[in-house]
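Given the structure is predicted, the values throughout are model-derived calculations rather than measurements. Naming: A, B, ... by sequence-line order, numbering from 1 per chain.
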Number of protein chains: 2
Amino acid sequence: MPVQRNDCPVEVVFSILSGRWKIPIYRYLYKSNKPARYSALLRHLPAISKKILTEQLRELERDGIIERTSYPEPRPRVEYKLTAHGLSMIEFLDKMSEWGETYMLSGGKRY
Amino acid sequence: MPVQRNDCPVEVVFSILSGRWKIPIYRYLYKSNKPARYSALLRHLPAISKKILTEQLRELERDGIIERTSYPEPRPRVEYKLTAHGLSMIEFLDKMSEWGETYMLSGGKRY
DNA sequence: CGGCATCCAAAGTGATACTG
DNA sequence: CAGTATCACTTTGGATGCCG
């Protein structure tokens, strides 16, 4: 039983970001620094399928990390962007990134 | 194909800590602040099986987060503790924890 | 005590094709 | 364009039992 798996804030964060493409999606939205279209994400993440992209976007949206806006124009268009909440994750993500770089440089883990 | 999944330091960190019991194990070792026996971990994580505990410990060991010491005494004994490297993760884990708490308080995610 | 071997269930990911 | 639907595959986690 999961018991109180979600009493731990760290595990909650992990559960929000766990998913093969969550970090790549976050990175893209963060770095482009403006709303990105579904098709742009699809193009930017060459190995992802539409099904998975949609799934991961839906989850990030459900968890309040990104926001989805649909423009039902002649040419349908949907844009995604980080919410303020999502943006605020950058604080610990930066720390993680630093640690990860050091780890990798120090010969941390080889694949 | 994972392509360059591990070019991203953040993803490397996630891969190190992903696993149902990695965080609980880390927490226990961190808070007890001294080597912990296999049986103590088993007792402290009621829902884990021995197979899984061993697996996750082996992975954390392989990734340099914990250290395993075996005392082949009359009564066999094995102890695990965080390495300096493992301990240094606390920096970003603390940040994550803060973020997670705020997230939960603000009604973040309900299960 | 501290495991490992088997076997199995569930979750996650993906390829492909179809749709409003 | 931005999705769904289906089916298949891979990875992960777990139950149980045996062993030095």
Interatomic distance where [atom1] belongs to [X] and [atom2] belongs to [N] [whole Å]:
X: Ile23(B); N: dG13(D); atom1: CD1; atom2: P; result: 13 Å
X: Leu42(B); N: dG3(C); atom1: CG; atom2: C1'; result: 11 Å
X: Phe14(A); N: dT12(D); atom1: CZ; atom2: P; result: 15 Å
X: Arg20(A); N: dG14(C); atom1: CZ; atom2: P; result: 6 Å
X: Leu45(B); N: dA15(D); atom1: CG; atom2: P; result: 14 Å
X: Arg75(A); N: dG3(D); atom1: CZ; atom2: P; result: 16 Å
X: Tyr38(B); N: dG2(C); atom1: OH; atom2: P; result: 8 Å
X: His44(B); N: dG2(C); atom1: NE2; atom2: C1'; result: 19 Å

If you take all heavy atoms of [X] and [Y], which pair is closest and at what distance?
X: Glu11(B); Y: Pro24(A); value: OE2-CG, 3.7 Å
X: Ile16(A); Y: Leu60(A); value: O-CD2, 4.2 Å
X: Pro9(B); Y: Ser97(A); value: CB-O, 3.4 Å
X: Ser15(B); Y: Val12(B); value: OG-O, 2.8 Å

Determine: side-chain N/O of Trp21(B) to OP1/OP2 of dG14(D), distance under 4.0 Å, yes or no.
yes
Under 4.0 angstrom between Arg37(B) side-chain N/O and dG2(C) OP1 or OP2
yes
Rounding to 10 degrees, work out the angle separating the end axes of the helix from dC1(C)-dG20(D) to dG20(C)-dC1(D) (five pairs an end).
50°
Parallel, tilted or perpendicular: ring planes of Trp99(B) versus Phe92(A), cut at 30 and 60 degrees
perpendicular
Would you call the rings of Tyr38(B) and Tyr80(B) parallel, tilted or perpendicular if under 30° counts as parallel and over 60° as perpendicular?
tilted
By nearest nucleotide on DNA chain D, pick out whichever of Ser18(B) and Arg68(A) is the more 5' one.
Arg68(A)
Hydrophobic cluster identity match, Ile90(A) and Phe14(A), side-chain contacts under 4.5 Å
yes
Using a strict cut-off of less than 4.0 Å between a Lys/Arg side-chain nitrogen and an Asp/Glu carboxylate oxygen, indicate whether [X] and [Y] qualify as a salt bridge.
X: Lys22(A); Y: Glu59(A); value: yes
X: Lys81(A); Y: Glu79(A); value: no
X: Lys95(A); Y: Glu91(B); value: yes

Nucleotides 16-20 of chain D: which of its N/O atoms have a protein N/O under 3.5 Å away?
none

Assign Tyr80(B) to base, sugar-phosphate, or nothing according to its heavy-atom contacts below 4.0 angstrom with the strands shown.
sugar-phosphate
Apply side-chain contact (heavy atoms from CB on, under 4.5 Å) to residues Glu98(A) and Thr102(A) and explain how you reach the verdict.
CA-CA 6 Å; Glu98(A) 273 178 47; Thr102(A) 306; 5.5 Å; no
DNA chain D-proximal residues of residues 53-61 of chain A, any heavy atom under 4.0 Å
Thr54(A), Arg58(A)
Selection from dA2(D), dG3(C), dG14(D) that lies nearest to any side-chain heavy atom of Ile52(B):
dG14(D)
Short question: side chain of Tyr26(B), backbone of Leu17(B) - any donor-acceptor pair under 3.5 Å?
no
